[in-house]
**Q** 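Can you keep this structure in mind? I'll have questions shortly.
FYI, side chains are in, hydrogens and waters are out, and symmetry mates aren't considered; it's all heavy atoms of this structure. Both ligands and their constituent atoms are indexed starting at 1 by order of listing.
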Amino acid sequence: MQLNITKADQLKTKPDDSKLSFGTIFTDYMFNMDYNPQDGWHNPRIEPYAPINMDPATMVLHYGQGVFEGLKAYRTETGAVQLFRPKDNFKRMNNSSRLLCIPEIDENFALDALKELLIIEKDWVPSALGTSLYIRPTIIATDPFLGVRASHTYRFFIIFSPVGAYYPEGFNPVKIWVTRNHVRAVRGGVGEAKTPGNYAASLYAGEQAHKHGYTQVLWLDGIEQEYIEEVGAMNIFFVINGELITPILNGSILPGITRDSVINLAKMWGIKVSERKIGISEVVDVHASGKLDEIFGSGTAAVISPVGEIKYGDTVITVSDGKVGAMANRFYKELTDIQYGKTKDPAGWIEPI
Ligand code: PLP
Ligand code: COI
């Protein structure tokens, strides 16, 4: 497929790298491609970043049939630009699409298109400490139709946003809130897909958490409301008696690429790591017996995010004395050193541009 490029008349002023927050600034260009049943995915193009003109009946607006991804491009010390595990993002995007009845994309073509866009936009990759270019591939259902069925037409687009830390806390411990009053996803649903509805479903409880002074919600399973699932924008790890434990992928949590990287690094380092069901009662108990060493989250936007406090009902647990734990620190350093090209890539995770 031929990738067409339309040049922008004018380029935007780039922001000050040292003042970046998350997801507020967008670059000069975007990638677009369309789908219809006759032509399949067609008309791939790089165009100036612009609003999408939509019929008010466009299906994604009504029924949320869409999927998205999140990955980052990093600037290395030598000024080069590199991606972290991008093939895994396009693979996961297709897995999400299958659950949402969206036609799959050609993963290799999508990666090539992303690289083309990055080459054009490379000056937007920031270089201040802890910054990167966040990449948001997205597919939306575009039929103007009010009946409930899968759309026949779609738009796939990729946009870029230069970012700093996701949480205002940066790499300082966050406080998370556990509730039995709300659930985010259930097994058999679409919890393992990266689809807008999962995030919409998390907002109400998220607001409750904020009202209580907590940054995010730690979700429990939707059936017994006992087993730990994940946090709003990251997977979760517990260090209990020196062992690293993370909830097993059960269909209702996102199979995080950072999660998989942490598990792989732990195995390389000889740290005992288990993917298993872990209950909130177990966490409360091991904390009471002094065996809860650390809790931290993992995600593309969140990187490694230490958890300093958990609130569950009336129980408040302070973890690692509210400080950054040794294990969180080690994973943060190694992962970011790999992502920013400061250390050798141990597993073919880096894709140079
Ligand atoms: N869980 C949820 C709900 C997320 O939104 C994310 C972020 O993408 C993650 C986990 C972490 O996934 P990854 O490490 O692939 O970014
Ligand atoms: C990511 O980490 O890429 C996410 O998608 C999390 C959040 C911004 C939705």
Side-chain angles (χ1 to χ4, degrees), residues 20-26 64 66-74 83-96 99 114 130-139 158-168 174 176 182-186 189-203 205-206 209 215-222 228-237 246-266 275 295-305 307 328 331-332 334-336 338-339 349:
L20 292 171
S21 57
F22 187 87
T24 55
I25 296 167
F26 305 97
V67 294
F68 68 95
E69 270 303 326
L71 67 158
K72 284 174 170 172
Y74 303 85
L83 293 161
F84 183 70
R85 305 188 65 175
K87 293 186 180 112
D88 294 283
N89 288 92
F90 287 120
K91 192 167 170 219
R92 185 171 66 187
M93 189 168 211
N94 272 339
N95 290 342
S96 298
L99 269 176
L114 167 59
T131 63
S132 54
L133 188 71
Y134 186 75
I135 300 169
R136 175 53 64 87
T138 308
I139 302 177
I158 305 176
I159 55 172
F160 291 164
S161 176
V163 299
Y166 183 67
Y167 295 119
V174 293
I176 55 177
H182 313 279
V183 295
R184 169 190 174 272
V186 284
V190 292
E192 68 182 337
K194 212 159 164 57
T195 184
N198 287 332
Y199 297 82
S202 75
L203 297 178
T215 313
Q216 286 223 352
V217 175
L218 174 61
W219 298 100
L220 299 179
D221 76 278
I228 288 166
E229 299 243 299
E230 61 180 331
V231 185
M234 55 189 193
N235 296 108
I236 191 93
F237 285 87
T246 193
I248 192 160
L249 300 177
N250 60 359
S252 65
I253 65 176
L254 194 78
I257 292 162
T258 322
R259 173 189 181 278
D260 184 70
S261 308
V262 167
I263 292 171
N264 275 290
L265 285 176
E275 295 176 68
I295 305 179
F296 62 87
S298 70
T300 298
V303 197
I304 296 292
S305 185
V307 174
F331 283 114
Y332 178 83
E334 184 67 11
L335 261 182
T336 52
I338 295 167
Q339 290 164 338
W349 288 338

**Q** Going by the order shown, which atoms of ligand 2 are within less than 4.0 Å of some heavy atom of Thr300?
**A**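 So the answer, numbered in order with elements, is 2 (O), 3 (O).
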**Q** Check whether the side chains of Asn250 and Glu229 place a donor and an acceptor atom closer than 3.5 Å, and report yes or no.
**A**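 Note: Asn250 and Glu229 side chains meet the donor-acceptor criterion.
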**Q** Of the backbone atoms (N, CA, C, O) and the side-chain heavy atoms from C-beta on, which set of Thr300 has a member under 4.0 Å from an atom of ligand 1: side chain, backbone, both, or neither?
**A**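 Both the backbone and the side chain of Thr300 come within reach of ligand 1.
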**Q** Is there a heavy atom of Arg184 sitting under 4.0 angstrom from any atom of ligand 1?
**A**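 Judged by the 4.0 Å heavy-atom criterion, Arg184 does count as contacting ligand 1.
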**Q** Under a 4.0 angstrom heavy-atom cut-off, which atoms of ligand 2 come close to Tyr166?
**A**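 Ligand 2 atoms under the 4.0 Å threshold to Tyr166: 8 (C).
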**Q** If you measure from the Lys or Arg side-chain nitrogens to the Asp or Glu carboxylate oxygens, is any gap between Arg259 and Glu230 under 4.0 Å?
**A**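 Glu230 and Arg259: not salt-bridged.
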**Q** Just jot down the ligand 1 atoms closer than 4.0 angstrom to any heavy atom of Arg92, in number order.
**A**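 Matching atoms, with element in brackets: 12 (O), 13 (P), 15 (O).
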**Q** Which is it for Ala302 and ligand 1 at heavy atoms under 4.0 Å: side chain, backbone, both or neither?
**A**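 Near ligand 1, Ala302 shows nothing, with every heavy atom at 4.0 Å or more.
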**Q** Between Lys72 and ligand 2, which part of the residue brings a heavy atom under 4.0 Å of the ligand: side chain, backbone, both or neither?
**A**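 Neither part.
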**Q** Within the 4.0 Å heavy-atom shell around Gly256, which atoms of ligand 1 are there?
**A**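 Close to Gly256: 12 (O), 13 (P), 14 (O), 15 (O).
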**Q** Relative to atom 6 (C) of ligand 1, which among Gly299, Gly191, Gly70, Ala233 owns the nearest non-hydrogen atom?
**A**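 When every heavy atom of Gly299, Gly191, Gly70, Ala233 is considered, Ala233 comes closest to atom 6 (C) of ligand 1.
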**Q** Say whether Ser161 and Arg136, considering side chains only, have a donor N or O and an acceptor N or O under 3.5 Å apart.
**A**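 No, no side-chain donor-acceptor pair sits under 3.5 Å.
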**Q** With heavy-atom distances below 4.0 Å as the criterion, list the atoms of ligand 2 near Gly70.
**A**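 Result: 3 (O).
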**Q** In Å, rounded to the nearest 0.5 Å, how long is the span from CZ of Phe331 to CD1 of Ile263?
**A**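 Output value for this atom pair is 9.5 Å.
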**Q** Please write down residue, atom name and distance for the protein heavy atom closest to atom 7 (C) of ligand 2.
**A**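 Here the nearest protein heavy atom works out to Ala233 CB, 3.8 Å.
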**Q** So, does Arg136 sit close enough to ligand 2 that a heavy atom of it is under 4.0 Å from the ligand?
**A**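 Flag set, Arg136 near ligand 2.
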**Q** Is there at least one pair of N or O atoms, one from Glu230 and one from ligand 1, spaced under 3.5 Å apart?
**A**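 Yes; at least one N/O pair falls below 3.5 Å.
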**Q** Give yes or no for whether the N/O distance cutoff of 3.5 Å, strictly under, is met between Tyr199 and ligand 1.
**A**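 Yes, since at least one N or O of Tyr199 sits under 3.5 Å from an N or O of ligand 1.
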**Q** State, to 0.1 Å, how close Gln339 and Val303 come at their nearest heavy-atom pair, and which atoms those are.
**A**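 Gln339 and Val303 have their closest heavy atoms at OE1-CG1, 4.5 Å.
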**Q** Going by the order shown, which atoms of ligand 1 are within less than 4.0 Å of some heavy atom of Lys194?
**A**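 Answer, ordered by atom number: 4 (C), 5 (O), 6 (C), 7 (C), 8 (O).
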**Q** Checking side chain to side chain contact (heavy atoms under 4.5 Å, CB included) between Leu71 and each of Leu133, Asp88, Asn89, which is the one that passes?
**A**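 Testing Leu71 for a side chain to side chain contact (heavy atoms under 4.5 Å, CB included) against Leu133, Asp88, Asn89 leaves exactly one candidate, Asn89.
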**Q** How far is atom 5 (O) of ligand 2 from the closest protein heavy atom, and which atom is that?
**A**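 The answer is Lys194 NZ, 2.7 Å.
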**Q** Considering non-hydrogen atoms of the protein only, which is the closest contact for atom 9 (C) of ligand 2, and what is the distance?
**A**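 Of the protein heavy atoms, Tyr199 CE2, 3.7 Å lies nearest.
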**Q** Can you name the atoms of ligand 1, numbered from 1 with element, that are less than 4.0 Å from a heavy atom of Ser298?
**A**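 Close to Ser298: 11 (C).
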**Q** Hey, can you tell me if Phe237 and Phe296 have their rings parallel, tilted or perpendicular (30° and 60° cut-offs)?
**A**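 Judged by the thresholds at 30° and 60°, the geometry between Phe237 and Phe296 is parallel.
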**Q** Please determine whether ring-ring contact (aromatic ring centres under 6.0 Å, His included) holds for the pair Phe26 and Phe160, giving the CA-CA distance in whole Å, both sets of side-chain angles, and the decisive distance to 0.1 Å.
**A** CA-CA 6 Å; Phe26 305 97; Phe160 291 164; over 10 Å; no
**Q** Between Glu69 and Lys91, does any NZ, NE, NH1 or NH2 come within less than 4.0 Å of an OD or OE carboxylate oxygen?
**A**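 No, no charged N to carboxylate O under 4.0 Å.
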**Q** What protein heavy atom sits nearest atom 2 (O) of ligand 2, and how far off is it?
**A**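 The protein heavy atom lying closest is Ala301 N, 2.9 Å.
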**Q** Under a 4.0 angstrom heavy-atom cut-off, which atoms of ligand 2 come close to Tyr134?
**A**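 Here the atoms of ligand 2 in question are 1 (C), 3 (O), 4 (C), 5 (O).
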**Q** Which residue, Leu335, Thr300, Thr336, forms the side chain to side chain contact (heavy atoms under 4.5 Å, CB included) with Phe84?
**A**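 Going through the options one by one, the only one that passes is Leu335.
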